[in-house]
Amino acid sequence: MGDPKGFLTTPREEWPRRPVEERVRDWREVYVPGALLPIVREQADRCMDCGVPFCHEACPLGNLIPEWNDLVARDDWRAASERLHATNNFPEFTGRLCPAPCEAGCVLAINQPAVTIKNVEVAIADTAWERDYAPPRPPDRLTGRTVAVVGSGPAGLAAAQQLTRVGHTVVVYERDDLAGGLMRYGIPDFKMEKHHLDRRIAQMEAEGTRFRTSVTVGQDVTAGELRRRHDALVLATGATAWRELPVPGRELRGVHQAMEYLPYANRACHDPEADPHAPLSAAGRHVVIVGGGDTGADCLGTAVRQGASSVSQLDIYPLPSAERDDDSEPWPTYPKVYRLSAAHEEAGRLGTAPAADADARLFAASTLRLTGDGAGRVREVHLVEVEPAGRRPVPGTERVLPADLVLLALGFSGPGQEDGLIGQLGLDLDERGVLRRDSGFATGAPGVYAAGDAARGQSLIVWAIAEGRAAAAAVDRYLTGATRLPAPITADARPMRA
């Protein structure tokens with residue numbers, strides 16, 4: 001450790017965000033450019049280099065956090081990049097998008113603010129690109145085996161890169177026009193600008209990975225054709241079957257799923273010919289977002305930037321405490337505490353939801369029904385407060401919000417089946433509605449493996465990358481009888497819980 005007293009003398013300091021009034025006028029990342037490096041070395045010095053670093057256990061990738069913290073504190077960025085990339089293919093993604101269970105598991109977090117692990121991680125990743133510490137790593141020789149990866153989200157990309165680097169010929173099939181999955185069209189630019197994604201895909205192409213975009217496997221090419229072309233398949237299609245809101249009025253026009261809304265907004269950011277007043281724009285509208293998770297927050301920040309008249313977000317859970325509940329969520333588990341994302345900070349500062357309990361959110365709020373006008377378009381959301389236990393409605397708490405755009409951000413239940421891929425392969429779903437597989441990521445079809453949200457269920461980007469890396473090791477072993485690839489998790493691994 002660079003400074004053995006750093007955790008005692010240096011307070012936690014995070015990457016500062018740009019002023020709200022400035023950043024809501026554009027789609028660039030919310031952080032002040034260039035403001036991270038001047039503070040990150042001292043922040044890395046706060047790491048205590050614990051004998052038993054629980055940040056390792058909290059992170060499914062097993063990131064070597066104390067090691068690269070020490071290297072950053074010593075200004076050895078090349079070595080820090082090597083240690084970071086040893087366990088994580090895409091640290092610039094996780095450093096921007098992961099909610100950092102590693103910080104919840106930081107030993108310092110027992111009685112102090114945790115080390116800013118995410119900030120150190122993204123500083124290393126960005127510096128590695130700036131100084132050319134992350135060149136393509138093509139294999140020395142090819143094995144003659146081919147692998148198809150279906151889906152180009154974080155699990156698919158991680159599996160593809162690992163398999164390419166050990167010499168297999170890998171083709172990634174993506175139904176959208178560009179690779180990246182949810183990171184491309186589900187994550188707004190203000191959270192991660194897409195040049196980070198483009199840069200990694202270019203690196204993978206230079207290593208030998210091939211991408212086939214605008215191809216829906218199961219329709220444009222059948223599963224049988226894919227199996228005849230390739231020696232193994234990795235299904236990383238994501239959990240795209242969204243959850244519904246079964247209330248009266250759901251059929252009204254103006255009620256949309258979040259993943260109908262966000263892809264359009266992301267495309268519009270990069271398409272100068274896109275109509276800013278198209279049907280799925282929030283411009284000039286009263287917007288209600290049903291769902292209190294990250295996807296709902298992404299909708300919130302997007303609607304604010306599009307110029308909504310008002311935006312409210314409904315969260316069925318009660319307002320969280322500012323501090324960890326040591327009885328129900330003891331360290332080092334990831335606690336449900338009040339967090340202020342950039343989007344919530346913006347909405348709170350701008351007063352987008354006058355009736356909100358905090359920032360733009362109404363907590364313990366359940367939707368009763370939606371009502372519309374004579375033309376069949378939504379105009380109001382009727383909601384009620386619910387009790388924390390059992391979610392029973394509290395009498396006398398009904399209220400009405402104006403709404404001419406309602407966005408459903410209720411999460412995802414499993415892989416979509418409309419393309420026919422699952423049926424063509426004869427695969428089973430388990431009781432949760434996700435792909436059934438064994439602990440080694442293998443499905444019931446020989447040579448077919450499943451990774452990411454399609455088999456795990458909706459989860460974090462860091463788990464998706466860990467799944468992709470582990471599935472790649474399983475596929476390599478299947479093809480060659482042995483593997484040098486790391487497998488950070490098994491398919492049945494789960495986050496730490498009390």
Side-chain angles (χ1 to χ4, degrees), residues 60-64 81-94 125 128 133-174 179-181 199-212 226-237 437-443 445-452 454-455 462-491 493:
L61 285 168
N63 281 333
L64 306 171
S81 173
E82 291 172 355
R83 301 312 290 151
L84 179 58
H85 283 95
T87 59
N88 188 349
N89 297 70
F90 314 120
E92 67 272 33
F93 302 168
T94 52
Y133 295 160
R137 291 170 46 198
D140 295 329
R141 59 183 178 273
L142 297 178
T143 64
R145 302 299 184 93
T146 66
V147 182
V149 176
V150 184
S152 65
L157 292 180
Q161 186 167 62
Q162 294 293 93
L163 289 165
T164 296
R165 286 177 170 179
V166 293
H168 303 304
T169 299
V170 180
V171 183
V172 178
Y173 293 87
E174 170 55 52
R199 188 167 54 188
R200 278 294 177 187
I201 291 171
Q203 178 198 53
M204 293 177 65
E205 289 177 326
E207 292 171 344
T209 303
R210 304 171 186 175
F211 289 87
R212 300 287 183 267
L226 214 59
R227 295 188 75 181
R228 287 191 291 272
R229 294 179 192 175
H230 302 282
D231 298 304
L233 272 64
V234 178
L235 305 183
T237 56
R437 60 185 180 177
D438 63 22
S439 61
F441 299 89
T443 69
V448 180
Y449 293 77
V462 70
W463 279 93
I465 295 173
E467 288 240 342
R469 288 171 66 88
V475 171
D476 187 37
R477 186 178 297 107
Y478 167 78
L479 294 175
T480 66
T483 186
R484 295 177 287 108
L485 291 174
I489 59 172
T490 58

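Sequence positions, counted from 1, serve as the residue numbers for this chain.
- Taking Glu82 as the reference, nothing meets the salt bridge (Lys or Arg N to Asp or Glu O under 4.0 Å) condition, with sequence neighbours excluded.
- Residues satisfying the side chain to side chain contact (heavy atoms under 4.5 Å, CB included) test with Arg477, not counting sequence neighbours, are Thr483.
- Scanning all heavy atoms of the two residues, the minimum distance from Arg83 to Leu64 falls at NH2-CD1, 2.9 Å.
- Considering CZ of Arg145 and OG1 of Thr480, their distance stands at 8.0 Å, rounded to 0.5 Å.
- Within 6.0 Å of the CZ atom in Arg137, the count of heavy atoms belonging to other residues, nucleotides or ligands does not exceed 12.
- Contact detail for Pro488 and Pro60: the closest heavy-atom pair is CB-O, 3.4 Å.
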For residues 152-165, run the donor-acceptor check on the side chains, cut-off 3.5 Å, and write out each pair with its distance to 0.1 Å, sequence neighbours left out.
{"unit_1": "Ser152", "atom_1": "OG", "unit_2": "Glu174", "atom_2": "OE1", "d": "2.7"}
{"unit_1": "Ser152", "atom_1": "OG", "unit_2": "Gly180", "atom_2": "N", "d": "2.8"}
{"unit_1": "Gln161", "atom_1": "OE1", "unit_2": "Asn89", "atom_2": "ND2", "d": "2.9"}
{"unit_1": "Gln161", "atom_1": "NE2", "unit_2": "Gln203", "atom_2": "OE1", "d": "3.0"}
{"unit_1": "Gln161", "atom_1": "NE2", "unit_2": "Glu207", "atom_2": "OE1", "d": "3.2"}
{"unit_1": "Gln162", "atom_1": "OE1", "unit_2": "Asn89", "atom_2": "ND2", "d": "3.1"}
{"unit_1": "Thr164", "atom_1": "OG1", "unit_2": "Ala160", "atom_2": "O", "d": "2.8"}
{"unit_1": "Thr164", "atom_1": "OG1", "unit_2": "Thr209", "atom_2": "OG1", "d": "2.6"}
{"unit_1": "Arg165", "atom_1": "NE", "unit_2": "Glu207", "atom_2": "OE1", "d": "3.4"}
{"unit_1": "Arg165", "atom_1": "NE", "unit_2": "Glu207", "atom_2": "OE2", "d": "3.0"}
{"unit_1": "Arg165", "atom_1": "NH2", "unit_2": "Glu207", "atom_2": "OE2", "d": "2.7"}

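- Leu84 approaches Pro91 most closely through the heavy-atom pair CD2-CB, 3.5 Å.
- The main-chain N or O of Thr87 is found under 3.5 Å from a side-chain atom of Arg469 such that the two form a donor-acceptor pair.
- Heavy-atom minimum distance, Ala450 versus Thr443: CB-CG2, 3.8 Å.
- Annotation for Trp463 and Ala493: closest pair CZ3-O, 3.9 Å, computed over non-hydrogen atoms.
- Across all their heavy atoms, Pro486 and Ala473 have their closest contact at O-CB, 3.8 Å.
- The line from OH of Tyr173 to CG of Leu226 is 5.0 Å long, rounded to the nearest 0.5 Å.
- The ring-ring contact (aromatic ring centres under 6.0 Å, His included) contacts involving residues 465-491 comprise Tyr449-Tyr478, where partners must be two or more places apart or lie in separate chains.
- Every residue meeting the side chain to side chain donor-acceptor pair (under 3.5 Å) condition with Ser81, not counting sequence neighbours, appears here in chain and number order: His85.
- Proximity of Thr143 to Val166: side-chain heavy atoms (C-beta onward) are nowhere separated by under 4.5 Å.
- Shown here are the salt bridge (Lys or Arg N to Asp or Glu O under 4.0 Å) partners of Arg437, two or more places apart in sequence or in another chain: Glu467.
- Applying side chain to side chain contact (heavy atoms under 4.5 Å, CB included) to His168 and the options Thr146, Asp231, Val475, Leu479 leaves one that passes, Leu479.
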